Amino acid sequence: MSVAIFNRCWARVILESIVRQGVQHICIAPGSRSTPLTLEAVRLQESRRVMCHTHFDERGLGFFALGLAKAGNNPVAVIATSGTAAANLYPAIIEATQNGHNLIVLTADRPPELIDCGANQAIRQPNMYADYPVASIHFPRPSEDYSTEWLLSRIDQACHQQKLNNGVLHFNVPFAEPLYQTDESAVQHHAWLNDFNRWLSKKQPWIAYAEQQSEVLIHENWDYWRTKQGVIVVGKLPQEQSMGIAAWAATMGWVVMSDIQSGLESPLPYADIWLANDMVREKLLQAEIVLQFGSQIISKRINHFLQQFKGEYWLIEASNKALDPYHHQQTRFNVKVHHWLRAHPPLRQRPWLLEPLALSQFCASFIEQQIGGNLNEASLAHHVSRVLPSNGSLFLGNSLFVRLVDALCKLPEGYPVYTNRGASGIDGLLATAAGIAIATNQPLVAMLGDLSTLYDLNSLALFKQVRQPTILFVINNNGGAIFDMLPVEESVKEQYYRLGHGLDFSQAAAMFNLNYSRPYTWADLNSVLKQAYGRKEATVIEIKVNPNDGSKIYKSLIDQIAGAMIGG
Ligand SMILES: Cc1ncc(C[n+]2csc(CCOP(=O)(O)OP(=O)(O)O)c2C)c(N)n1
Ligand SMILES: [Mg+2]
């Protein structure tokens with residue numbers, strides 16, 4: 001029994017120290033080996049220091065935690081048992097790493113004597129996520145030979161690494177049996193916890209790292225460069241960093257191309273379409289300097305522009321990751337964009353190139369006319385702002401629809417947009433959206449494709465926990481329509497890429513006890529939305545569209561704009 005008690009003591013130290021590092025949510029998948037961690041997490045929830053969430057599927061749970069981390073500012077913890085349970089967290093760990101979201105993954109493990117000897121549910125877990133985590137600790141088997149001071153220092157050092165580099169911590173925690181039937185007072189008064197219990201009365205983490213303030217300095221040649229002809233490309237940015245870019249760029253008279261994840265109400269919307277115009281692209285390539293704020297640009301044509309541009313290139317992004325797939329000779333600022341703007345005063349100038357504005361304005365009416373008044377993929381993408389709640393946020397899945405929204409819509413300034421564009425998987429999109437809904441506790445619209453929904457179908461279970469209007473748009477074009485954009489022979493495409501299935505989602509919604517509607521027209525959709533926003537729960541709205549319509553109109557808009565002649 002003393003082993004069971006000591007396991008709990010060990011788990012208590014680990015969890016207490018991560019809670020002091022800011023963890024507020026702990027996501028738990030069921031399992032026996034993780035019992036000491038689970039029961040300590042429950043204890044923390046009982047004293048209202050954390051919120052515990054559960055899910056039966058570790059892949060979904062990992063993405064759910066990612067969603068919580070995206071919408072909050074603190075690391076989110078995940079507890080999983082040993083075996084493939086731990087392996088199923090891998091996709092979310094990759095996505096969190098690529099995007100710099102802070103997860104603390106606690107995998108329970110068998111002690112060393114049970115590894116590689118035929119013991120049940122025992123796999124090789126140390127370093128199982130390779131070099132994705134910013135730090136990994138493979139803990140020893142719990143033992144009084146290790147002081148609580150050691151345990152606390154080790155964890156705080158890892159958490160510090162996470163604060164510096166953003167990403168995932170992996171704690172692999174072996175526990176020997178027995179795991180159950182502990183006496184709470186025996187845990188509480190265990191002599192090994194004496195120093196720890198004294199520390200509990202203090203507020204701070206075991207290691208308090210002094211804040212390092214580094215000021216953003218003005219680039220020595222800014223007075224020279226700011227007089228030049230510039231282009232500003234804005235990728236994914238946190239909200240507070242995108243504020244002020246539009247005004248700054250307008251003063252400079254520079255051309256702005258912004259991504260749907262930028263938080264900008266684009267001054268030159270539909271860049272993915274108008275940049276298809278050969279003449280405008282040629283002129284833009286004459287720019288003397290390109291500033292890129294943020295990264296992960298969705299648009300193929302903005303990416304192509306960046307690839308072709310060979311002039312002065314500055315990349316401003318707070319992380320210290322390499323973020324330029326085109327390997328420009330460049331000046332890189334590892335700073336927050338709003339700090340950079342403050343350090344680099346704009347110069348009032350006239351726009352040096354007027355064609356993008358003319359073409360962008362032309363696109364507004366041209367797109368409207370081409371998509372028509374029916375409810376379809378392209379019209380939904382163009383009019384996304386019509387379906388959004390005023391105080392909510394938008395989650396966009398991957399594949400064709402996110403590209404359509406990026407190309408065809410204009411969002412209000414600062415509207416929160418979430419995506420999983422780190423590895424752009426279609427595997428955990430529903431679960432991520434559920435995490436965002438829970439963390440923001442505000443209305444959410446999530447929009448994803450039919451294959452993406454099928455992939456993550458059991459994550460519909462997570463939406464029972466939401467307590468505010470949450471709307472899941474499933475854009476059902478019967479398979480992966482993104483592949484229509486590829487030059488693959490029709491029959492091969494249908495059979496091996498697109499995977500049309502003929503399914504609809506009414507029964508899936510029913511199985512998970514979620515509201516469901518399938519509107520046919522905009523008028524239908526508007527009345528469905530009215531009801532959905534009146535409910536403090538989730539609604540699945542299936543938009544069934546002709547399989548190729550979305551990709552066809554996208555291609556046709558690009559083709560028509562490519563050759564268009566414009567004045568100026
Ligand atoms: C986990 C994972 N597997 C495979 C892919 C490759 N992939 C990209 S888009 C896509 C099809 C998605 O289909 P759907 O969700 O219906 O979206 P649509 O293309 O119709 O917009 C696939 C399989 C991926 N991104 N992630
Ligand atoms: Mg589809």
Side-chain angles (χ1 to χ4, degrees), residues 57-64 66-67 87-99 132 260 272 296 298-300 303 371 375-382 384 394-409 419-433 445-460 472-488 490 492-505 508 518 540-555 557-558:
D57 176 333
E58 285 80 7
R59 192 183 74 202
L61 186 77
F63 278 104
F64 178 78
L66 175 71
N88 275 291
L89 295 171
Y90 212 154
I93 287 172
I94 292 172
E95 179 63 29
T97 303
Q98 305 275 98
N99 254 319
Y132 278 98
I260 193 75
D272 181 62
Q296 287 188 6
I298 293 172
S299 160
K300 273 231 151 67
N303 272 304
I371 59 177
L375 177 59
N376 55 47
E377 242 168 318
S379 73
L380 187 60
H382 183 50
V384 158
L394 171 64
F395 176 78
L396 292 166
N398 288 320
S399 209
L400 181 61
F401 196 70
V402 68
R403 292 188 179 279
L404 288 176
V405 174
D406 181 62
L408 305 181
C409 109
T419 55
N420 274 359
R421 299 296 295 176
S424 295
I426 60 163
D427 38 1
L429 297 171
L430 281 171
T432 308
V445 167
M447 302 176 127
L448 37 149
D450 49 302
L451 287 193
S452 309
T453 306
L454 285 172
Y455 204 130
D456 198 22
L457 202 63
N458 73 27
S459 289
L460 285 176
L472 289 176
F473 278 94
V474 181
I475 321 296
N476 187 353
N477 49 26
N478 195 29
I482 189 77
F483 298 119
D484 295 346
M485 308 297 286
L486 303 181
V488 180
E490 229 24 73
V492 175
K493 188 188 291 178
E494 189 52 46
Q495 200 177 345
Y496 294 100
Y497 291 75
R498 235 184 168 285
L499 306 194
H501 44 75
L503 303 170
D504 75 38
F505 291 85
R518 182 194 159 184
V540 177
I541 300 184
E542 178 167 2
I543 309 288
K544 244 184 163 174
V545 295
N546 293 327
N548 310 110
D549 282 2
S551 54
K552 260 197 211 140
I553 190 155
Y554 191 26
K555 279 192 245 178
L557 284 167
I558 290 165

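Residue numbers start at 1 and run along the sequence shown. Counting starts at 1 for both ligands and their atoms, following the listed order. Please read these numbers as outputs of a predicted model, since none were measured by experiment.
- Counting backbone and side-chain atoms alike, Gly479 contributes an N/O/S atom closer than 2.8 Å to the Mg ion (ligand 2).
- Near Ile482, with a cut-off below 4.0 Å to any heavy atom, the atoms of ligand 1 are 9 (S), 19 (O).
- The distance criterion of under 3.5 Å between nitrogen or oxygen atoms is met by Ser452 with respect to ligand 1.
- Of all the heavy atoms of Asn477, the ones lying under 4.0 Å from any atom of ligand 1 belong exclusively to the side chain.
- In terms of polar-atom proximity, Tyr455 is not counted as a contact of ligand 1, lacking any N or O under 3.5 Å from an N or O of the ligand.
- Evaluated by nearest non-hydrogen atom to atom 18 (P) of ligand 1, the leading choice among Ser399, Gly550, Gly428 is Ser399.
- Although no hydrogens or angles enter the test, the distance criterion places no donor-acceptor pair under 3.5 Å between the side chain of Asn476 and the main chain of Val545.
- Atom CD1 of Ile298 is separated from atom CD1 of Ile260 by 7.5 Å, given to the nearest 0.5 angstrom.
- With hydrogens and angles ignored, the 3.5 Å screen pairs a side-chain donor or acceptor of Glu95 with a backbone N or O of Ala423.
- For Asp450, the N/O/S atom at the shortest distance from the Mg ion (ligand 2) is named OD1.
- Shown in contact with Ser424 at under 4.0 Å from a heavy atom are these atoms of ligand 1, numbered in order with element: 25 (N).
- Side-chain atoms of Asn398 come within 3.5 Å of backbone N or O of Gly425 as a donor-acceptor pair.
- Here Asp484 pairs with Arg498 in a salt bridge; the nearest charged N to carboxylate O distance falls below 4.0 Å.
- For atom 16 (O) of ligand 1, the choice among Asp450, Thr453, Asn476 with the nearest heavy atom turns out to be Asp450.
- Interatomic distance, CZ of Arg403 versus CE of Met485, reported as 8.5 Å (0.5 Å rounding).
- At a distance under 4.0 Å, a protein heavy atom can be found next to atom 12 (C) of ligand 1.
- For ligand 1, the polar-atom distance check against Glu377 finds no nitrogen or oxygen pair separated by under 3.5 Å.
- Asp456 contributes a side-chain N or O that, together with a main-chain N or O of Ala431, makes up a donor-acceptor pair within less than 3.5 Å.
- Ligand-side atoms of ligand 1 in range of Gly425: 25 (N), 26 (N), range being under 4.0 angstrom from any heavy atom.
- Thr453 is listed as a side-chain neighbour of Leu430, based on a closest heavy-atom distance under 4.5 Å.
- At a threshold of 2.8 Å, the Mg ion (ligand 2) has a backbone or side-chain N, O or S atom of Asn477 nearer than that distance.
- Taking every non-hydrogen atom of Phe401 and a distance limit under 4.0 Å, the qualifying atoms of ligand 1 come out as 21 (O).
- The shortest contact between atom 22 (C) of ligand 1 and any protein heavy atom is with Phe483 CZ, 3.6 Å.
- Nearest-residue assignment for atom 23 (C) of ligand 1 (options Leu454, Ile426, Asn398; heavy-atom criterion): Ile426.
- If you number the atoms of ligand 1 from 1 as listed, the ones under 4.0 Å from a heavy atom of Ala481 come out as 18 (P), 19 (O), 20 (O).
- Using a 4.5 Å cut-off on side-chain heavy atoms (C-beta onward), Leu499 and Phe483 make no contact.
- Formation of a donor-acceptor pair under 3.5 Å by the Asn303 side chain with backbone atoms of Ser299 is found in this model.
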>> One pair to check against side-chain hydrogen bond (donor to acceptor under 3.5 Å, both in side chains): Asp549 and Asn376. What are the steps and the verdict?
In response: CA-CA 8 Å; Asp549 282 2; Asn376 55 47; 5.9 Å; no

